[in-house]
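Numbering of ligands and ligand atoms starts at 1, following listing order. Keep in mind that what you see is a predicted model, and the values were worked out from it rather than measured. Scope of the values below: all heavy atoms of this structure, side chains included, with no hydrogens, waters or symmetry mates.
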Amino acid sequence: MHDEREVKNNREKDPGREITNKKTERLIEENHVDNKDKKMTTNQGLKISEDEFSLTAGDRGPTLMEDFHLREKITHFDHERIPERIVHARGTGAHGVFRVYESQEEFTKAKFLCDPSLETPVFVRFSTVAGSRGSADNVRDVRGFAVKFYTDEGNYDLVSNNIPVFFIQDAVKFPDFIHALKPEPHTEIPQAASAHDTFWDFLANNRETAHMMMWSMSDRTIPSSLRKMEGFGVNTFRWINKDGVSHFVKYHWKPRLGVHSKVWDEAQKTNGKDPDFHRRDLIEAIETGNYPVWELGVQILREDEEFSLDFDILDPTKLWPEEDVPVKIIGEMVLNRNVDNFFAETEQVAFHPGHLVPGIDFTNDPLLQGRLFSYTDTQISRLGGPNFHQIPINRPIAPVHNNQRDAMHQMEIHEGQTSYHKNSLMDNSPSTADEKEGGFSHYQEKVEGNVIKNRSESFKDFYSQARMFYKSLSPAEQRHMKDAFAFELMMVESESIRQQVTEMVAEIDRELAGKIAEEIGTKVPEGIEENAYGKISPALSQESTPKLTDTLKVAVWITDGFDHREVTEAIKKIKDAKAVPEIISSRLGEIKGEGGNLKADKTYLNAASCLYDAALMFSNKAEMSDDFRTAKKEFASDTFNHCKPLGSQCPDLLGCEEKNHAPGVTAGEGFSVDKFMDDLKEIRFFDRVK
Ligand code: HDE
């Protein structure tokens with residue numbers, strides 16, 4: 001509403017840019033440039049007297065080469081773009097802080113995980129995987145969830161996704177997988193979508209993808225907000241305590257607001273109405289002081305428990321069921337500051353799963369090992385050379401001293417005669433640090449075996465956990481998954497691929513395969529036996545997730561002549577529930593009510609149901625255009641079909657009386673704002689639409 005808006009437009013009062021930490025203070029002190037009230041200069045610091053006209057010989061004569069300002073300005077512009085990320089090109093970032101609740105010294109010596117008094121600055125970048133930098137936010141895709149901790153012992157990067165498993169087991173297949181996922185090479189179609197032949201061809205012919213295929217077709221790949229996604233480290237990591245004892249670790253980020261998703265029709269419409277939906281949602285939440293919060297959780301296994309589960313814990317296509325290995329919540333991350341410059345911060349940030357601190361180490365997970373090579377390598381071409389760690393957003397707050405020198409874009413001036421180890425001229429500086437002094441030492445794992453190019457037998461059960469995931473979902477989630485499969489496969493042109501995928505799904509669940517087959521014209525052949533795995537993991541369903549009304553966006557429709565007391569009371573109730581009302585009407589500006597006026601935030605032309613979490617629609621008191629009526633009906637109908645809470649004073653917006661009494665609807669005669677507020681607490685009514 002207006003008060004929040006005014007805050008938003010006033011940078012001085014914007015809490016989203018006020019809050020600082022050790023890292024952002026440094027960025028502000030050392031790197032921020034403020035142009036306000038300054039004179040314009042060239043890049044050499046020369047003041048410029050004219051920036052509208054090039055230097056020409058005579059009024060209408062030729063432009064002169066000696067106009068160095070023109071040349072410098074255009075040259076810089078010509079080189080403004082850098083290559084986008086090979087994957088995860090589309091993203092958005094924010095600053096924040098992390099704090100551990102209590103010392104984890106029993107498991108790790110990482111200082112930021114052992115000292116609850118320490119506030120560790122973080123930078124987080126969320127992303128989609130497949131699309132280009134300018135693609136839409138609400139595509140069906142895995143989301144990246146990369147966290148850089150600026151610890152006193154150096155940067156630690158936890159480069160996670162919003163899904164706990166991955167498509168492949170070995171990094172050598174990553175280029176193949178990404179080639180299949182990205183737009184097809186002969187047409188560069190489709191953008192940011194997996195619904196095409198090569199993606200599904202890859203899945204059907206690389207069956208290790210079965211588990212992740214199910215997650216991709218689940219509601220997780222159409223999150224309702226970046227603030228409502230879980231994060232998972234995916235790979236199995238290792239923690240080492242000060243006595244050198246190692247544990248296996250899986251990371252989880254749990255959002256305070258719970259895990260929530262859009263429905264597919266809503267996601268597609270959102271891409272049209274607001275392709276920047278997710279980044280806008282995150283920026284606005286931080287700007288209005290609604291800082292997103294996640295808790296960090298870990299699943300921990302002792303070394304002697306390595307073989308205690310019914311799958312290989314080094315296999316990144318497997319998750320550790322929370323019911324078997326509980327998630328221990330150890331700390332909290334709050335995102336409380338938006339970036340000041342998207343390119344300098346979000347685009348140039350460089351994550352790497354190999355950025356470690358003492359107390360954290362790798363395992364032999366073959367996917368992880370391949371990742372360790374890839375990330376630095378790709379930064380070199382993306383960020384123009386090996387000095388990308390000197391770009392402000394990437395600089396650690398811990399001091400950096402070594403003998404690495406020169407290269408493109410070197411920003412440091414290293415003093416002295418020596419740049420080698422060992423030396424006597426500089427007293428052997430910089431010197432190495434032993435463990436007591438904070439030096440990193442690799443975990444001394446005992447390894448033996450023959451050199452082979454093969455995969456362990458223990459990685460070869462592709463279907464059991466895929467089945468467990470499907471069977472753990474609620475009926476509504478299962479229905480959404482079936483619909484997702486059907487949609488994606490309808491977009492696949494090759495009948496053979498559609499058939500192959502149907503057979504692959506039948507290995508997981510014959511009934512699901514049958515339902516999909518019915519919609520896409522394929523058959524489930526006799527002889528395919530579905531997997532017999534019977535385990536269920538209730539934690540995998542989103543149904544039992546926390547449901548909070550905080551920050552839910554509620555569309556409040558009014559027209560001239562509205563009852564001021566009635567509407568303001570409703571708005572107060574929405575605000576009391578910590579939700580965010582926005583007034584929609586026929587025009588911007590003051591809407592004249594009985595007993596007082598209210599300002600409209602949006603009109604029927606630039607508001608759409610897919611951009612809101614619920615709608616409360618008061619009757620039209622004034623004569624309205626046909627366009628307005630149509631838009632209002634469409635808004636109500638989408639709110640209904642997307643299973644969101646709906647309150648409508650008019651009895652006929654939904655087109656039939658039966659719908660007025662559907663779950664989560666209060667409309668017509670029985671219309672009640674209190675009932676609407678109760679419905680809001682449920683967030684969605686998925687069983688409303690079958
Ligand atoms: Fe990545 N991944 N990845 N990945 N990944 C990149 O690095 C790679 C994998 C993830 O916001 C790239 O800087 C390989 C799993 C995120 O900047 C690249 C393999 C997980 C981001 C790369 C994987 C991820 C990336 C592209 C398989 C979840 C975005 C740009 C062996 C745990 C980070 C870049 C950001 C980015 C390689 C698999 C997460 C090409 C080779 C599993 C969140 O280096």
Next item on the list: Determine the minimum heavy-atom distance between Tyr291 and Ile286, stating which atoms define it.
Entry: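 Smallest heavy-atom distance, with atoms named: CE2-O, 3.5 Å.
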Notebook entry, point to check: Which heavy-atom pair separates Glu347 from Glu84 by the least distance, and what is that distance?
Noted result: OE2-CA, 4.3 Å
Check: What protein N/O/S atoms lie closer than 2.8 Å to atom 1 (Fe) of ligand 1?
Finding: Tyr375 OH
Check: Picking from Glu153, Lys111, Lys109, what satisfies side chain to side chain contact (heavy atoms under 4.5 Å, CB included) with Val357?
Finding: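 Option passing the side chain to side chain contact (heavy atoms under 4.5 Å, CB included) with Val357: Glu153.
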Check: Any nitrogen or oxygen of Ser160, main chain or side chain, under 3.5 Å from a nitrogen or oxygen of ligand 1?
Finding: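 In fact, backbone or side chain, Ser160 has no N or O that close.
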Check: Do any nitrogen or oxygen atoms of Arg125 lie less than 3.5 angstrom from nitrogen or oxygen atoms of ligand 1?
Finding: yes
Notebook entry, point to check: Do Lys328's NZ or CZ and the ring of Phe107 fall within the cation-pi criteria of under 6.0 Å and 45°?
Noted result: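 Not flagged: Lys328 not positioned over aromatic ring of Phe107.
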Taking only heavy atoms of [X], which atoms of ligand 1 are found under 4.0 Å from at least one of them?
{"X": "Leu367", "answer": "27 (C), 31 (C), 42 (C)"}
{"X": "Val234", "answer": "28 (C), 32 (C)"}
{"X": "Ala171", "answer": "31 (C)"}

Notebook entry, point to check: For the ring pair (Phe, Tyr, Trp, His ring centres under 6.0 Å) test, which of Tyr443, Tyr156, Tyr251 pairs with Phe237?
Noted result: Tyr251
Notebook entry, point to check: Out of Phe123, Phe149, Tyr150, which residue meets the ring pair (Phe, Tyr, Trp, His ring centres under 6.0 Å) rule with His95?
Noted result: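 Only match with His95 under ring pair (Phe, Tyr, Trp, His ring centres under 6.0 Å): Phe123.
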Next item on the list: Just let me know how Gln379 lines up against ligand 1, side chain, backbone, both or neither, with a heavy-atom cut-off below 4.0 Å.
Entry: side chain
Margin query: Using a 4.0 Å heavy-atom cut-off, which part of Phe145 comes near ligand 1: side chain, backbone, both, or neither?
Written below: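 Phe145 to ligand 1: backbone contact only, side chain stays beyond 4.0 Å.
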Check: What pairs meet the side-chain hydrogen bond (donor to acceptor under 3.5 Å, both in side chains) rule with one or both residues in residues 382-391, with sequence neighbours excluded?
Finding: Gln379-Arg382, Gln390-Gln410
Checklist line | Partner residues of Phe351 under the ring pair (Phe, Tyr, Trp, His ring centres under 6.0 Å) criterion, sequence neighbours left out | finding: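 Once residues adjacent in sequence are excluded, Phe351 has no partner under the ring pair (Phe, Tyr, Trp, His ring centres under 6.0 Å) criterion.
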Margin query: The criterion is salt bridge (charged side-chain N to carboxylate O under 4.0 Å, His left out); which residues satisfy it with Lys173, sequence neighbours excluded?
Written below: Glu208
Checklist line | Test item: side-chain donor near acceptor, Asp315 and Gln169, under 3.5 Å | finding: yes
Checklist line | Minimum-distance protein heavy atom relative to atom 34 (C) of ligand 1 | finding: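 The protein heavy atom lying closest is Thr378 CG2, 3.5 Å.
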Note to self: Quick test: of every protein heavy atom, which one is nearest to atom 17 (O) of ligand 1, and how far off is it to 0.1 Å?
What the structure shows: Arg85 NE, 2.7 Å
Item checked: Between OG on residue Ser537 and CG on residue Leu473, distance to nearest 0.5 Å ->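 Answer rounded to 0.5 Å: 10.0 Å.
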Check: Within less than 4.0 angstrom of ligand 1, does Gly233 place any heavy atom?
Finding: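 Per 4.0 Å heavy-atom rule, Gly233 contacts ligand 1.
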